[in-house]
Each structure stands twice: as structure tokens, then as C-alpha cells.
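Lettering follows sequence order; numbering is per chain, from 1. Values below: every heavy atom of this structure, side chains too, minus hydrogens, waters and symmetry copies.
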Amino acid sequence: MIFGFMAYDASSVEDEIYRAWEASGFFNPDKLPDRNQKGESYCVVMPPPNRTGTLHMGHAVMLAIQDLLIRFERMRGKKTLWIPGTDHAAIATQVKVEQMLMKEGMKNPREELGREKFLEKVVAFAEESSKTINKQIRKMGSSCDWSRERYTLDEARSRAVNEVFKMMYEDGLIERGARIVNWDPNTQTVVSDDEVVWVEEKAPFFEFQYGPFVIGTSRPETKFGDKYVVMHPDDTRYQKYQQGEKLTVEWINGPIEATIIKDEAVDREFGTGVMTITPWHDMTDFEIAERHHLTKEQVIDLHGNLLPIAGEFESMHIKEARQKVVEKLKKKGLLVNINENYIHRIATCSRGGGMIEPQILKQWFIRVTKPFALRQDTLGKWKKGDQVTLKELMREVVTSKQVTIIPERFEKIYFHWIDHLRDWCISRQIWFGHRIPVWYHHSSQVSADSLQPDKMIVSDTSPGKDWQQDPDTLDTWFSSGLWTFSTLGWPDKKEWSSLRQYHPTALLETGYDILFFWVARMILMTTYTLGEIPFKDVYLHGLVRDEQGRKMSKSLGNILDPLDLIPKYGTDAVRLSLMIGSTPGQDTRLSEAKIEGFRNFTNKLWNISRFILSVIARSESASDAAISGQEVASSMTPRNDKQQTLADIWIQHRLNQVISSVTKKLETYQFSSAGEELRDFTWGDLADWYLEIAKIEGGKKYILTQILQTLLKLWHPFMPFVTEHIWKVAGYDGMLMIEKWPDELRITHDALRMTEFDSLQRVVMDMRRLRAEQKIEPAMSITFQIIIADDRLKKWIGDNQAWIHRLTKATSIEFIKSIPSDWVTVSSGSWTIGFNPATSIDPEKERGKIEKELAEATSYITSLEQKLKDKEFIKKAPPRIVEDMKNKLQEAQEKARLLKSRLNSA
RNA sequence: GGACGUUUAGCUCAGUUGGUUAGAGCGUUCGAUUCACAUUCGAAAGGUCGCAGGUUCGAAUCCUGCAACGUCCACCA
């Protein structure tokens, strides 16, 4: 039974609807109807979720928003393509699998299994994740083209990666070199600057005697090799020391020769204004050392143990060494002071959270400030062969407004990031990912500082048996940076038509937290490779937080999982709760109560539809039976369908306003506002007003069908499941998802009648209120008096007695010449209605209330009058505003007059 | 240290180029209820728009300063 007594049960219909959509082929742009084939292309690539397990609320937001836009544009007749895919997420996935294996009892999975076996495990896990993720994407109702599903590590994407690497290498943008990098001893790999997370920590801050100086440090365990003592060149306290001056000082393992260095990097205010440096393990120190051509010595190995330079502390782990070094220095009388409350920031790895130890290592870098010759005309600004830098490309894209970032303020953040961007370290010492397509001749030393060109080849295949491939893999963002064009088949020449058709893509929608990681790198990679932008708009959504505004995390136990919520409330409700009530770039709080509210709305829409369909069914059977002579007030009066009532015109007019406004809002990414407006119309105007009237007027088969269909179309991008389901239940042709997005309905506008309706609507509301306050009794008679007589209005009221009765619950209406002084009146615009007051009204209370209202009205009038007397206001304000105000004044005066007369009669 | 964001009803948040009695949802209170929907309907209460100045005929909106909270960035040993 389709229209049972049950509420809408999302979980029982959603899977089947999704299967039907998928089977229809309409997710695939090539299989869309003719209308779309002729339309312009609209392409969005899905930010590929990491293959690290399951989706979370952030993914749900992006899926909801992107599906909304895709469905909207598809209905508008565009040739829409939404490409789904997943990301191998190199480090994240490898770490996850390693942790799992360790839980199963392995001590060091990589060592125990070896590269090949270990990778098998990771690949198997990634495969499994991918299946789960795809299921979840479907659960959200995403209308993406599964026939074009991509994976950052699949064969075609790997080809793109190798190709871009090769191009950049040839252009001198990719370079191998020994520089100071972020080393993570936990995962045994280098990470990029953006993957470092700084955490505040309270640690003891030590001050030691270092020759004639006092130096401060929170890391004494790194200080073995500190043979340079640095101070600011303008520091008057140390003027007697000269740059390069050498002095012998007593240090941890005996006397060492220290050299004085003057450098402006030193903060004179901090501590004593003197510091020693550890160039191998500190970014700042490294830069100072570079400036002065100082020697650099490694103190800590890649596992965090001290090297022979530490003397008796050799092989000791740095954690253990700290206290011991302090003790030794204390014994030697070199410890000056300890500040236990020192707060500093330590670098940790965003994957796994272990400490980062800077190290000088030979790695691959992308040079972002090195000029290179463009391979093609680029961004409409540069010609082929022009010299530019990658930073310039990234900057130009946004300054020239070829890419718009929404909200706008992130543009500033983007520029700031570019300004501070250093060369991008792209090599990783992990196994899961794209192997660096570089081969070394076995006669060469891979670790050598410089390789002869003939000992190194960039190629995706082995040049021969004397060659071995670089053991490292690429940063995962290297491949995701190519995502908009690698997913469209680049560099395969056969795919170029598709690339030309869909690229640049229309929009990139993602969370602002990966603006640098991903968005910026896509811009870098795409402008470099293709000479064009990857997307026109960037829409950044906020992060989903819990009810109290905290980040959702496992340890807090406050995670709301879309997969738990969908069976409980339905996908449509979850989608709405993520889109309505949030603005771009702004974090949102999500609670189950909010989702519950939208579940209720889903059900409301279901009931509205159910009701409309039943009215249509009944009116059909009624007209079939040709029943005539029914009472006016009976609930289903058959009526000539063509004869439109004022209410019909009113609702169509409102619907038109909603259509144009919602369309405009969706075009400008105002999803929340669009959804709210639709909800208010659906619940307020349609359900609570028009349908109440329709119950009485009857015979609205045509218009009700028109309204319902339009409503379902408007809602479809927001809540695809329930609308598609209703469409099917109603027996309408075809699939809602490819229906044409509604244009404004053609109605004959009748401005005067519209005003009448608005007025009457207000009056009827007043009547309902009076009745609710028991000022008129349910069965008493209502008498209208048209004070400023308008025959048309009088006639209209006569014509529409039935629903006025219904809405006011009064039983009769009569017209009289004047309103008795003891009656209650309500008025609107040009006319007034009087009610025979119920005996239950407390005259004192009523009087008080009227007096209060009158006082408010009077003060409002005074303020308006004053304003209107103000010559400067009249002179300077636009006429529109003045006119508005005059009208308001008139209305207020009218209201005050009526209140006065009521007061006199009371 | 720098930049950005937030501060509007008890709670969560809108408020699109400044326009005149500041909105929604939830919650609260009161009332309704066979006749699509209690996942319902009607109504009410509730706001000096963070604070202090300024610009303007007019400011939640623009400017300056301050405060609280939050985020990002930065080499402070």
C-alpha cells in the first residue's frame, strides 16, 4: 500500500532508488538525454577520499554540496560530469596498515615483511577501504559517474605522474639536493613543511655557561657539536668580540674551539642575546650556517640516537640523553639556571604525531622560485618560451580572477601562503605510493652529492639491468595535484577530446583545511602542465564540529558518523542538516536534534505530496461522478479546473518568486539560503495556507499537479531520494533526476488582487488569533463590514466564504452597514472586519492590551513624523525611502485610529 | 610576533553592495486536536546586534580603538 498510515520510511526506499538511478545511466554524461547533450559541459571532480578506512562528516558535507550542484545543473540541461575517485594517501595509509600489523603482534612490519610483501598488505587494505568508501558515497545519494571512477595510484594516473615528473625535471624544476628537511623518526620518512604540526609544550629551559657567554636551550642533548656562538652584530654588550674570533671554551665533553659569528637572526631581547647553533638539526641554525659557510655536523642519527660526536653518550636515545647531559654540565659547574615553566612549540608529524627531527638529507625538491621556460601559452598572460616561476603562476591565477575563491577572504590567506612557500620536498622514504621515476647506474653512489648525468635517467621503465630505481616514493599530493586533468585522461592523446570538453572544471568544492595541501598544488600543477586553470571557482566549506563546537575525534567520543545517522533519519535529512544553516568557510555545529528537525521536514514533504495526490484522486472521482449541488462548505467541491481562484493565483505567484530566487541563490552558491526559502515556502505558504484553502475550494487537479511537480523539482537537488520516490509513487513519467529545472509559471498577474489576498491573509490570521484567545467563540457569527467599500473585495469575500469559515472556524458571514461599538475589530489596508465579541473577554485585560498597542503605535508615528519633518533627511535620502516612510506612517495612523475607537468603545 | 575569523533571542545560526519597528530553526510558555501529517497546528514571551568612539539624513552592516574566544601562518635558540 503506497499511502499507508506510516510516516515516510527513508531506509526502505533509498537503496532501491539509487540502484534505479545507477541503472538508468544518467550519471554518465554520454548517456544523458538529448537536451543535456546539447547543453554546455559542467564538470566537477570529487576530492578523492583517502583510502584509509571510512568516510566521516566532512566527506558527507562535500558529497551533499557537490551532488546538489550536479543535480541542479543536470536538471538545467547541462552535460554534467562528476568524477568519483579515491586517493592512495601514501603515508596515512601506510602508517595505518603498519599500526594494524603491529597490533597483530609484529614488531617492525616493514623489516619483517620486506618491500614486496608489505606493499601487498597495504594494497589489500586500500582495496578494502575503497569498497567501503564507494558504498558510502552511494549511500549519500551521490550522482557521480562510476564508469569514470579514478584512483590516484591506478595505471593511467601513474602515467600522468611520471609524465609531469619528467617534464618538470627537464625544465629544471625538479632537483635533487641535500637540504635540511623535516625527518620523522617514527615513520622513517621526510615530510613536507605543510605536514608539520606545531604543538605547544612546557619544557625546562636551561642556561649554561659557554666560555664567557651564557646560552639558553631547551634541547641540551643536541649541543655536542655547537662550536659556533652567534650574536647580533649591533649588540653593544658583545662589541668587543669580532666576527670569526676564536676562543676555547669548556663544554660537555671537554674543551672545544668556538667561533664568534655575528648574524641578524639573533633576537637581542631573548635570553642573553647569545646562542650556539646546531645547523644539522635546526632550520634557523642551518640558514645561519649557510650564510656564513660554516661546517655542519650531524649529531643525531635517523632513529634519534646520538652519534660518535657525543662521546660517552654515543648511541644513547636523545630522550634519555637530555637529563644526563644536564647532569654532566651541572657537575662541571656550567649549569647557570633552569626555567621550569618555559613554553615552546615543538614540531610533530601530522601523521602519527611523533616528534619531527630536522636533518640534512638528500631529497627531491620542486623549485618554486626558479624561472623556467613555458612549454605553451599560459593563462592568457604569458607566451610559450616566457620565463616564469611556479610562484608567479600560482599568484596570477587568483589575481587575474580566473579562479575565484569563495569565501573571498581565503584569497588573502592563499597569497600569504605563496609568499612564504619554500621549495616543495616531494620524496618520501615510504613504500606505498608512486615510485620516483629515476634510475641510477649501479656504478654510481646514490647518496653522492652530485651524480654525473649519464649515471641517472628519468624514466618510468627500467633502462636495463645495470640500473636501479630510486627507492623513494612521491608525496601523495604530487598525484592529487594533477587530479583535474589526470582524471580526464591526460596525457593519453586519445582522451584529449574529453579533456577539452570538461577542462577547466567548473568548481572545486572542498574543506578550507586543505587549501594549501591540495587546492594550491592543483593550481601549481595544472597551470604548469596545461597552461590553464584547473577550475573556475573554489568553494570552501567549513569544518563540521560537535554540538559544543569541538572537533570531532575518536578520543572525545563525539563523532557523528553519517552511516549511523542515515538509517536513523534518512539520507535526505542528513544532507539538509549539512547544507542548511551553514555558510562557506565557517565551521558548523552539528547535533542529532538538528538532523531530527530535517527528518521531520522530509516527512512533512511526504505528507504534503500524499495529501495533494489524494485531493487530486478525489477530485477526479468526484468529477467523474458528476456530483452537483453540494454544499459550499463541504470539503470537496468539484469545480471547473480552469477557473482559477485568487488563492490559486497567489500560490503560483509565490511559487514564481521562489523559483527565481532559489535558482539565483543556487547559481551563487547560497545553498543554505536557498534551502531555507524553499522550506519556508513549502511549510508556511503551501502546507499551512494554500492546501487548507484547497481543501475547501476543491477541483484543482491541474494546478495541484503543477505545484507538486514544481516543488519536487526544486527540492530534488537537496533531497534526491524522497523527491524521486514521490515522483515515482505519483506515477509521473520518467525520472525526476533528469526533469527540466522549473522556469517561472505563466500566470496572469493581477496586482490588485494580489494585494487583496495579502490583506485578507493577514486578517484571517488575526481572526485565528482572536479565536485562539477566545475573544470570539468558535460557533459565533462573524460579521464583516467593509469600511472603505470596495465592491470587488466584497464580492471576493462572498465568493470565498467557504474557506474563510474553515480558517476562522466561524459558521456564518454577513455584511452589515456599521460595526457596533462593543465589537472587536481587525483591519488591514482599506477595510475592517468586526467580530461580535465573546462574553469571556476580560474588559480590563483587553483594555490594557489595546492601550499598550496604542502607545507603541503612537511612538512609532512620532518617530516617523519627526523623520519626515527633517529637512536634511528629505533632501538627502532617496525618494524611494521617503515614499516608503510616508506609506508606513499612513498605515500606522490608520492603526492608531482604530485602536482608539476600540478603546473608546471598550 | 603576524594575519584572518567569530561575538545578533535561552541554544544553533541567517542577515547579499548602509535604508528606517532586526529574522529563522530549536527550546520555553499558553492553546488546539477524528477528517495528509503529534515527525501536527495556532499563538505568545524573548534582542541596548561584544564594548567605546567616529563617518552619515540613516549603522548589526562602513572606519578607528579595545576585549573575549577561535583558526592559520612565522626560525624565537
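At whole-Å resolution of the value, CD1 in A:I418 and P in B:rA74 are 14 Å apart. Rounded to an integer number of Å, the gap from A:F601 CZ to B:rC41 P is 11 Å. If you measure from atom CG of A:D546 to atom P of B:rU12, you get 11 Å, rounded to the nearest angstrom. The distance between atom CZ of A:R610 and atom C1' of B:rU39, rounded to the nearest whole Å, is 12 Å. A straight line from CD1 of A:I288 to P of B:rC75 spans 13 Å, rounded to a whole angstrom. In this structure, A:I608 places its CD1 atom 9 Å from C1' of B:rA36, rounding to the nearest Å. One can place NZ of A:K594 at 15 Å from P of B:rG27, the figure rounded to the nearest angstrom. A:H416 has its NE2 atom 10 Å from the C1' atom of B:rC4, to the nearest Å.
Only the C1' atoms considered, B:rC11 is 26 Å distant from B:rU16, to the nearest whole Å. Remark: the separation of the C1' atoms in B:rA59 and B:rU21 is 16 Å, to the nearest Å. If you take atom C1' in B:rA24 and the same atom in B:rG15, they sit 10 Å apart, rounded to whole Å. Across B:rG70 and B:rU64, the matching C1' atoms stand 23 Å from one another, rounded to whole Å. As rounded to the nearest Å, B:rC26 and B:rU17 have P atoms that lie 28 Å from one another. Annotation: B:rG47 and B:rG5 have their C1' atoms spaced 23 Å apart (nearest Å). The same atom, C1', is picked in B:rC49 and in B:rA60; the two are 5 Å apart, to the nearest Å. When the C1' atom is used for both B:rU8 and B:rC51, the distance is 15 Å, rounded to whole Å.
Scanning RNA chain B for stems, defined as runs of 3 or more consecutive Watson-Crick or G-U wobble pairs whose donor-acceptor distances all fall under 3.5 Å, gives the following ranges: B:1-7 with B:67-73, B:10-13 with B:23-26, B:28-32 with B:40-44, B:50-54 with B:62-66.
Across the interface with RNA chain B, nearest-nucleotide mapping of A:D194 and A:M275 shows A:D194 to be the residue nearer the 5′ end. The nearest heavy atom of RNA chain B to A:T284 and to A:G597 marks one nucleotide each, and the one closer to the 5' end goes with A:G597.
Closest approach to the A:T217 side chain among B:rU39, B:rA77, B:rC57 is made by B:rA77 (side chain taken as heavy atoms from C-beta onward). Checking B:rA77, B:rA24, B:rU71 against every side-chain atom of A:R679, the shortest atom distance belongs to B:rA24. The side chain of A:K867 lies closest to B:rG58, out of B:rC4, B:rG58, B:rU21. Side chain of A:H420, nearest nucleotide from B:rA14, B:rA36, B:rC73: B:rC73. Comparing B:rC41, B:rU40, B:rA77 against the side chain of A:D688 picks out B:rC41 as the nearest. For A:R880, whose side chain is taken as the heavy atoms from C-beta onward, the closest listed nucleotide among B:rG19, B:rA36, B:rU39 is B:rG19.
Two rings, from A:W683 and A:F601, have their centers less than 6.0 Å apart. Ring centers of A:Y569 and A:F598: at least 6.0 Å apart, outside the cut-off. Taking the six-membered ring for Trp, A:H541 and A:Y539 have ring centres at least 6.0 Å apart. Outside the 6.0 Å centre-distance limit, the rings of A:F718 and A:F671 are not counted as a close aromatic pair.
If you check distances only, the side chain of A:K412 never reaches the base of B:rC4 with a donor-acceptor pair under 3.5 Å.
A salt bridge links A:E596 and A:R599; the closest N-O separation between the charged side-chain nitrogens and carboxylate oxygens is under 4.0 Å. Between A:R589 and A:D546 there is no salt bridge, since no side-chain nitrogen of the basic residue lies less than 4.0 Å from a carboxylate oxygen of the acidic one. Salt bridge A:D423/A:R179: present, at least one basic N to carboxylate O contact under 4.0 Å. Under the 4.0 Å criterion applied to side-chain N and carboxylate O atoms, A:E865 and A:K867 are not assigned as salt-bridge partners.
Using a 4.0 Å heavy-atom cutoff across all strands shown, A:A687 reaches at least one base atom of the nucleic acid. A:I612 comes within contact range of no nucleotide atom at all, as no heavy-atom separation falls under 4.0 Å. Within the 4.0 angstrom heavy-atom criterion, base atoms lie near A:M885. The residue A:V266 sits close to a base: some heavy atom pair falls under 4.0 Å. Within 4.0 Å of A:Q586, counting heavy atoms only, lie sugar-phosphate atoms of the nucleic acid but no base atom.
Put simply, A:T583 has a side-chain N or O that comes within less than 4.0 Å of OP1 or OP2 on B:rA14. OP1 or OP2 of B:rG19 has not a single side-chain nitrogen or oxygen of A:K888 nearer than 4.0 Å. For B:rU12, one of the phosphate oxygens OP1 or OP2 lies less than 4.0 angstrom from a side-chain nitrogen or oxygen of A:R589. Under 4.0 angstrom from either OP1 or OP2 of B:rA77 there lies at least one side-chain N or O belonging to A:Y342.
Judged as a side chain to side chain donor-acceptor pair (under 3.5 Å), not a single pair has a partner in residues 881-890 of chain A (not counting sequence neighbours). Residue pairs that meet the salt bridge (Lys or Arg N to Asp or Glu O under 4.0 Å) test with at least one member in residues 574-583 of chain A, sequence neighbours left out, are A:D67-A:R575.
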